[in-house]
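Just so you know, residue 1 is the first one in the sequence shown, and it goes up from there.
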Amino acid sequence: MPIDNLTPTPGKKLLSSVAKLDSYRVNGAIKKKKTTKNRHTFAELQFIERERREILLRAELPFWRILLFWSGTCLKEISTDILVWFTLAIYIGIRIYANSVSYVPDAVSLLEDSNIDILGGFLSFFLVLFVNQTNGRFLEMYGFSKASSGRIQDVAGLARAHLPSEVGQKIVRYLNAAQIAGYVGLNGIGQGIPYSKAFFFDVYNEENDLLTPEEMMMLGHHDMDNSGSCMKELCTWCQIEVAQARRAGHLDSYEAQCIQDRILEFRAAMDGMYDYTDQPPHFFYIHFLDLLAALYLPLFAINTACASGWGQECFTGLDAVNGLIVLLQCIFVVGLRALGTKMINPYGDDPEDLSVILYIEGTLENCYDIMNSKLGLAKTKLPPAYEVCHSDNSGDATNRTTVS
């Protein structure tokens, strides 16, 4: 019996009503205001990707070469942080005043009994804890990205070995399209990402013929730029294709279950990205750290400046050394805070974020190789849907080739 003709049960009616009335959530995640901000063109995304790969290669360079870099370091964040300049201004202002007077103010002797170091110890603990938490999130989300790519390749291998060429290629096309659509859909939650349907999904779809115009029309009711629904429907299409192949006798129950399991594991990995993106570290905790830093650094600057000598006891060299200590403290506090904040959203447009383009193109290339494996199998002609673009060494020309 067609699904549309089934009489809806009260449970189904309730779920449908909730889905329609809930204007605050979509696919279980908090909605955010739709925007086209930070939607980079594909050329801009490729430039960011190249910069990311270059930064990853710097980790093994000698320390003196690492210190010479500006991009991908804490220096840019520190140099533009108003708290750093405010703290240094306090220290410099007090030291200028201390060098211009010949007596020691009464307030300076009172500050000798204060213990700013205790506050600094607590702040250091919470900052390191924050960075450790965000680093764990970052690595988990990296694992989800690699797992989704791996499950697509698993399905490609099983499809190549057990399914007719046309059916196997269709499933692999759908999964690759689902992966790209999943990244684009992350725009609907969290801080947003630079990948969009127009400048990201459509580019890969045109180059690799992942979805036909008819299939794109079937997905037209989904807002790919602001929802993960398109990714989930493509996963469902894959499951339907496997079920139909099982009924047609191309797969036995065990083989069909293996492919279905990997499709569900792929969807679970993509859902993991959405779950982590939807729930960043608590704002209360981040505000707490910012408040501590905003209070601690000026107090540290005042304490250090007042302890550096007054009047005849002033010494320019000591002023410079203590000023460097204040700067180092700013680098430690602001640098750790910036490091933790950078890792909250691994799918943004920062040079330190994950290499999404590499994951997608690597998956497409590996699937192409798997689906064209010749060992023990007759060479078959691939439909136009699995033509792959190859670029020459110069990167200027693109040649489309089809295995025949």
Side-chain angles (χ1 to χ4, degrees), residues 26-27 29 31-55 71 141-142 144-145 148-149 152 173-234 270 273-274 277 345-365 367-368 385-392 394-400:
V26 58
N27 297 329
K31 282 184 180 180
K32 70 172 189 176
K33 186 177 180 180
K34 296 182 181 180
T35 177
T36 57
K37 184 180 179 181
N38 296 331
R39 300 298 177 85
H40 298 288
T41 65
F42 190 70
E44 292 172 338
L45 293 173
Q46 287 179 314
F47 176 81
I48 296 173
E49 187 77 6
R50 285 193 295 269
E51 186 178 7
R52 286 174 181 164
R53 304 313 297 176
E54 292 173 358
I55 290 176
S71 63
M141 297 173 82
Y142 169 75
F144 287 137
S145 292
S148 62
S149 175
I152 294 175
R173 285 196 295 110
Y174 289 165
L175 281 178
N176 276 283
Q179 182 187 34
I180 304 172
Y183 284 116
V184 172
L186 287 171
N187 278 299
I189 55 178
Q191 299 298 317
I193 62 173
Y195 310 106
S196 63
K197 178 181 181 297
F199 299 123
F200 195 68
F201 181 88
D202 289 346
V203 173
Y204 281 112
N205 188 42
E206 181 180 355
E207 290 182 351
N208 299 279
D209 294 330
L210 297 175
L211 297 177
T212 65
E214 293 76 16
E215 292 166 343
M216 287 297 297
M217 290 182 62
M218 294 171 64
L219 296 172
H221 61 288
H222 294 303
D223 184 5
M224 187 185 297
D225 278 313
N226 295 283
S227 168
S229 300
C230 187
M231 176 269 294
K232 292 181 179 294
E233 178 158 344
L234 285 167
M270 298 298 296
M273 302 180 203
Y274 280 77
T277 303
N345 180 24
Y347 301 112
D349 55 2
D350 294 324
E352 302 83 13
D353 290 333
L354 295 177
S355 303
V356 172
I357 290 181
L358 177 70
Y359 307 153
I360 290 174
E361 294 184 352
T363 306
L364 287 168
E365 182 179 352
C367 288
Y368 178 82
Y386 236 84
E387 294 176 345
V388 176
C389 289
H390 299 280
S391 298
D392 60 11
S394 65
D396 295 327
T398 301
N399 301 319
R400 186 179 297 275

Restricting to non-hydrogen atoms, name the atom on [X] and the atom on [Y] that form the minimum distance, rounded to 0.1 Å.
X	Y	answer
Asp349	His40	OD2-NE2, 3.0 Å
Met224	Cys230	CE-SG, 3.5 Å
Met141	Thr277	CE-OG1, 3.4 Å
Ser145	Leu354	OG-CD1, 4.2 Å

As a quick check of understanding, evaluate side chain to side chain contact (heavy atoms under 4.5 Å, CB included) for Leu211 and Leu234, giving each step before the final call. CA-CA 10 Å; Leu211 297 177; Leu234 285 167; 4.0 Å; yes

Give a yes or no answer on whether the side chain of [X] reaches the backbone of [Y] with a donor-acceptor pair at less than 3.5 Å.
X	Y	result
Glu49	Leu358	yes
Asn205	Phe201	no
Asn187	Val184	yes

The test is side chain to side chain contact (heavy atoms under 4.5 Å, CB included); show your working for Asp353 and Tyr347 and say whether it passes. CA-CA 6 Å; Asp353 290 333; Tyr347 301 112; over 6 Å; no

Distance, nearest 0.5 Å, that separates CG of Leu210 from CD1 of Ile180: 5.0 Å

With sequence neighbours excluded, what pairs up with Glu233 under the salt bridge (charged side-chain N to carboxylate O under 4.0 Å, His left out) test? none

Students often mix this up, so state it plainly: with edges at 30° and 60°, are the rings of Tyr204 and Phe42 parallel, tilted or perpendicular? perpendicular

Decide side chain to side chain contact (heavy atoms under 4.5 Å, CB included) for Asn176 and Asn208; before the verdict, give the C-alpha distance in whole Å, the side-chain angles of both, and the deciding distance to 0.1 Å. CA-CA 10 Å; Asn176 276 283; Asn208 299 279; over 6 Å; no

Decide whether Tyr359 and Ser148 meet the rule of one side-chain donor and one side-chain acceptor closer than 3.5 Å. no

Name all pairs fulfilling the salt bridge (charged side-chain N to carboxylate O under 4.0 Å, His left out) condition that reach into residues 194-204, sequence neighbours left out, sorted by first residue then second. Lys197-Asp202

